[in-house]
Amino acid sequence: QPGETEPADVMSDEPGPATFAEWMATALRREGMTQEAAARQLGVSVKTVSRWVGGATQPRMRDLRRIKEVFGEVPIH
């Protein structure tokens with residue numbers, strides 16, 4: 001958020017995810033979830049999850065809402 005006094009991510013040793021694909025891959029690892037399991041939870045195909053993680057496509061708004069329900073806030077905008 002602008003105005004907050006937090007150290008800049010750029011200077012951090014562990015930068016936050018730069019892309020949705022990176023964030024999604026990290027979220028799957030954190031939850032110990034396969035792409036197949038995530039696809040079931042999110043109500044999309046495994047191919048869709050695979051495309052998100054590979055950076056080929058971005059989730060649609062309704063998918064993003066579901067992703068937030070399952071994995072928590074998505075820090076990428």
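- Between Ala37 and Thr34, the closest heavy-atom pair is N-OG1, 2.9 Å.
- Taking every heavy atom of both residues into account, Phe71 and Ala38 meet most closely at CZ-CB, 4.1 Å.
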Using the side chain to side chain contact (heavy atoms under 4.5 Å, CB included) rule, take Val44 and Asp63 through it: C-alpha gap first, then chi angles, then the decisive distance, then the call.
CA-CA 8 Å; Val44 297; Asp63 297 325; 3.7 Å; yes
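- For the pair Glu31 (side chain) and Ala27 (backbone), a donor-acceptor distance under 3.5 Å is absent.
- For the side chain to side chain donor-acceptor pair (under 3.5 Å) test, residues two or more places apart in sequence or in another chain that qualify with Arg66 are Glu69.
- Note that CZ of Arg30 and CH2 of Trp23 are 6.5 Å apart. Values are rounded to the nearest 0.5 Å.
- For the atom pair CD of Gln35 and OG1 of Thr48, the computed distance is 10.5 Å after rounding to the nearest 0.5 Å.
- The closest donor-acceptor contact from the side chain of Ser50 to the backbone of Val46 lies at 3.5 Å or more, if one exists at all.
- With rounding to the nearest 0.5 angstrom, the CZ atom of Arg51 is 13.5 Å from the CD atom of Gln58.
- Annotation: side chain of Ile67 is in contact with side chain of Leu42 (closest heavy-atom distance under 4.5 Å).
- Here the closest heavy-atom approach between residue Gly54 and residue Ala21 is recorded as C-CB, 4.4 Å.
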